[in-house]
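Below is the structure I would like to discuss, written out as structure tokens.
First listed ligand is number 1; within each ligand, the first listed atom is number 1.
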Amino acid sequence: MKILTIIGARPQFIKAGAVSREIAKHKDIKEVIVHTGQHYDSNMSDIFFEQMHIPKPDYYLGIGGKTHGAMTGQMIEKIEEVVFEEKPDVIMVYGDTNSTLAGAIVGSKLHIPIAHVEAGLRSFNMKMPEEINRILTDRVSKWLFCPTDTAVENLKKEGFDSFDCKIIKSGDVMQDAAMFYKEYAKKPQNVKIEDKFILSTIHRAENTDDENRLKNIFEALETIAEEKQVILPLHPRTKKIIQNLGLKLKNITIIEPVGYLEMMWLLDNSDMVITDSGGLQKEAFFFKKPCITLRDETEWVELIENGFNVLAGADKNKILDIYKNFKFNDDFEIDLYGNGKASERIIKELL
Ligand code: UD1
Ligand code: UDP
């Protein structure tokens with residue numbers, strides 16, 4: 001079986017890293033990797049291939065830093081050429097980025113069955129580019145690998161039961177990755193890290209592209225950082241916007257994006273996570289840390305329902321109130337994401 005893996009953005013390298021390790025155990029599967037180039041800085045891309053020993057991409061398309069239409073359109077054109085050349089049996093796409101959608105469109109038009117890893121997630125916010133990408137990708141996929149029960153239910157409610165596809169609850173490949181790589185966690189260099197600190201990341205379009213939301217978030221983080229160190233590896237998107245707005249941040253410890261192994265260390269040693277990242281909300285849970293999510297809704301509702309995570313939106317007072325007063329659930333002994341067996345289930349199903 002030949003699998004064509006389409007990846008391009010940071011969280012996809014991590015997810016595909018877990019699945020590629022599983023694929024490598026099977027001599028009868030050949031994986032061909034296409035990197036769209038959506039993320040291209042070395043600390044947003046190369047570092048993950050190096051640290052996670054992900055096979056070097058067979059194709060690098062170099063399509064990043066563009067508007068949604070230009071990026072997705074150019075990816076479609078180039079991925080189609082690769083599919084003509086490689087004639088894969090399966091196209092594998094991950095998550096909900098523009099690279100995911102481009103791969104799904106090519107596969108569906110050329111009648112190559114698509115495996116969607118992280119299917120069925122919904123925020124029910126159609127303004128999110130990711131929500132559009134994931135709904136369209138799910139609809140044309142053959143195998144819908146759902147990380148959670150809620151994802152399975154979402155698909156059933158949308159009538160996927162009656163479509164020509166298979167819904168499989170696989171669990172979450174990000175847990176596979178975290179469980180494997182945490183043993184290799186590395187303390188970040190060139191930054192002074194206090195005994196107690198909070199780990200934060202901000203990059204979501206709904207926050208970065210709204211000046212009021214972004215200012216509220218940073219004012220809250222600056223206030224928290226007066227009493228406890230806040231370490232924030234800064235996404236290039238957010239970096240550019242902070243510079244353009246001329247935001248002055250004096251308390252937060254801002255660092256460049258770090259590798260996955262450094263992130264494992266930061267997660268393991270932090271007291272709390274404050275983020276708008278999808279992946280980090282779950283990683284906080286994997287590392288038994290409370291999480292405040294800077295969004296109005298989340299796809300990972302089981303974290304909210306179980307009291308591990310709270311939605312704070314982008315309201316300074318609400319963020320500070322939750323930070324000071326919320327009583328988080330600290331009993332993390334519950335299996336929400338499949339306990340590290342997702343990649344194995346996915347490959348078994350495809351075989
Ligand atoms: C993308 C995904 C988002 C995911 C995120 C993970 C879409 C629509 N969005 O958002 O779902 O959560 O990746 O991090 O696919 N940039 C650089 N260097 C890089 C990468 C990006 O400078 O290596 C800058 C560029 O100015 C670029 C901007 O960041 O235009 C945004 O990048 P883009 O890939 O369009 O979206 P993300 O915000 O990264
Ligand atoms: N991550 C990383 N270095 C960083 C920030 C994040 O390795 O500086 C990892 C993080 O641990 C998680 C993934 O990147 O595994 C999440 O990606 P991101 O937040 O960019 O995207 P999202 O999950 O929101 O789509």
Problem set entry | atom 25 (O) of ligand 2: nearest protein contact (heavy atom, Å) | Pro11 CG, 3.5 Å
For this session: Spell out, as yes or no, whether a donor-acceptor pair under 3.5 Å connects the side chain of Glu262 to the backbone of Pro188.
Result: no
Exercise. Does Glu256 reach ligand 2, in the sense of a heavy atom lying below 4.0 Å from it?
Worked result: no
For this session: Pull out every atom of ligand 2 sitting under 4.0 Å from any heavy atom of Pro233, numbered as shown with elements.
Result: 8 (O)
Exercise. Which ligand 2 atoms, with their elements, are less than 4.0 angstrom from a heavy-atom of Gly278?
Worked result: 22 (P), 23 (O), 24 (O)
For this session: List the closest protein heavy-atom neighbour of atom 3 (N) of ligand 2: residue, atom name, distance to the nearest 0.1 Å.
Result: Val258 O, 2.7 Å
Problem set entry | Numbered atoms of ligand 2 (with element) below 4.0 Å of Met174, judged on heavy atoms | 12 (C), 15 (O)
Exercise. What protein heavy atom sits nearest atom 17 (C) of ligand 1, and how far off is it?
Worked result: Tyr40 OH, 3.1 Å
For this session: If you have a sec, work out which protein heavy atom is nearest atom 9 (C) of ligand 2 and how many Å separate them, to one decimal?
Result: Ile14 CD1, 3.7 Å
For this session: Could you check atom 26 (O) of ligand 1 against the protein and tell me its nearest heavy-atom contact, residue, atom and distance included?
Result: Lys240 NZ, 2.8 Å
Exercise. Considering only heavy atoms, does Leu280 approach ligand 2 within less than 4.0 Å through its side chain, its backbone, both, or neither?
Worked result: side chain
For this session: Would you kindly say whether Thr275 and Thr201 are connected by a side-chain donor-acceptor distance under 3.5 Å?
Result: yes
For this session: Flag Arg10 as yes when one of its N or O atoms lies below 3.5 Å from any N or O atom of ligand 1, and as no otherwise.
Result: no
Exercise. Which atoms of ligand 2 have any heavy atom of Ser277 under 4.0 Å away?
Worked result: 16 (C), 18 (P), 19 (O), 22 (P), 23 (O), 24 (O)
Exercise. Side chains of Val173 and Phe145: does their closest heavy-atom pair fall under 4.5 Å?
Worked result: no
Problem set entry | Ligand-side contact atoms (ligand 2) for residue partner Tyr260, heavy atom cut-off under 4.0 Å | 7 (O), 15 (O)
Exercise. What orientation do Phe326 and Phe328 show, parallel under 30°, tilted 30 to 60°, or perpendicular over 60°?
Worked result: perpendicular
For this session: Mind checking whether Met44 contacts ligand 1 via backbone (N, CA, C, O), side chain (CB onward), both or neither, at a 4.0 Å heavy-atom cut-off?
Result: side chain
Exercise. Is it true that the side chains of Asn207 and Arg213 contain a donor and an acceptor less than 3.5 Å apart?
Worked result: yes
Exercise. Sub-3.5 Å donor-acceptor pair from the side chain of Thr148 to the main-chain atoms of Ala151, do we have one?
Worked result: yes
Problem set entry | Option set Arg204, Gln12, His39, criterion heavy-atom distance to atom 10 (O) of ligand 1, minimum | His39
For this session: Identify, for atom 7 (O) of ligand 2, the protein heavy atom at the shortest distance, and state residue, atom and that distance.
Result: Phe48 CE2, 3.2 Å
Exercise. Counting each atom of ligand 2 from 1 as listed, which ones have a heavy atom of Gly259 under 4.0 Å away?
Worked result: 7 (O)
Exercise. Counting each atom of ligand 2 from 1 as listed, which ones have a heavy atom of Pro257 under 4.0 Å away?
Worked result: 8 (O)
For this session: Verify whether one side chain among Glu349 and Ser170 offers a donor that lies under 3.5 Å from an acceptor in the other.
Result: no
Exercise. Taking the six-membered ring for Trp, is the centroid-to-centroid distance between Phe13 and Phe49 below 6.0 Å?
Worked result: yes
Seminar exercise, completed: Residue, atom and distance of the protein heavy atom nearest atom 27 (C) of ligand 1 read Gly65 CA, 4.0 Å
Seminar exercise, completed: Looking only at protein heavy atoms, what sits closest to atom 36 (O) of ligand 1 is Arg237 NH1, 3.5 Å
Seminar exercise, completed: Note: heavy atom closest to atom 6 (C) of ligand 1, options Gly279, Pro11, Pro236, belongs to Pro11
Seminar exercise, completed: Residue, atom and distance of the protein heavy atom nearest atom 23 (O) of ligand 2 read Gly279 N, 2.8 Å
Problem set entry | Exam field: side chain Glu344 to backbone Lys341, donor-acceptor pair closer than 3.5 Å | no
For this session: For Met71, counting its heavy atoms only, list the atoms of ligand 1 lying under 4.0 Å from any of them.
Result: 35 (O)
Problem set entry | No-hydrogen, no-angle side-chain donor-acceptor test under 3.5 Å, Thr36 and Gln74 | no
Problem set entry | Under 3.5 Å donor-acceptor, Ser123 side chain and Glu299 backbone | no
Exercise. Rounded to the nearest 0.5 Å, how far apart are CD1 of Ile54 and CD of Gln12?
Worked result: 11.0 Å
For this session: Check whether any N or O atom of Thr97, backbone or side chain, sits under 3.5 Å from an N or O atom of ligand 1, and answer yes or no.
Result: no
Exercise. How about Trp265 and Phe287: are their ring centres within less than 6.0 Å of each other?
Worked result: no
Problem set entry | Top protein contact for atom 18 (N) of ligand 1, by heavy-atom distance | Asp41 OD2, 2.9 Å
Exercise. Does the side chain of Glu85 come under 3.5 Å of the side chain of Tyr59 through a donor N or O and an acceptor N or O?
Worked result: no
Exercise. At a 4.0 Å threshold, what atoms of ligand 2 neighbour a non-hydrogen atom of Arg204?
Worked result: 22 (P), 24 (O), 25 (O)
Exercise. Between the candidates Glu283, Glu130, Arg10, His203, which shows the shortest non-hydrogen contact distance to atom 12 (C) of ligand 2?
Worked result: Glu283
Problem set entry | Selected option - heavy-atom contact closest to atom 33 (P) of ligand 1, from Gln38, His203, Glu131, Glu130 | Gln38
Problem set entry | Side chains of Glu131 and Asn125, donor plus acceptor under 3.5 Å | no
Exercise. Has Lys156 got more than 12 heavy atoms of other residues, nucleotides or ligands less than 6.0 Å from its NZ?
Worked result: no
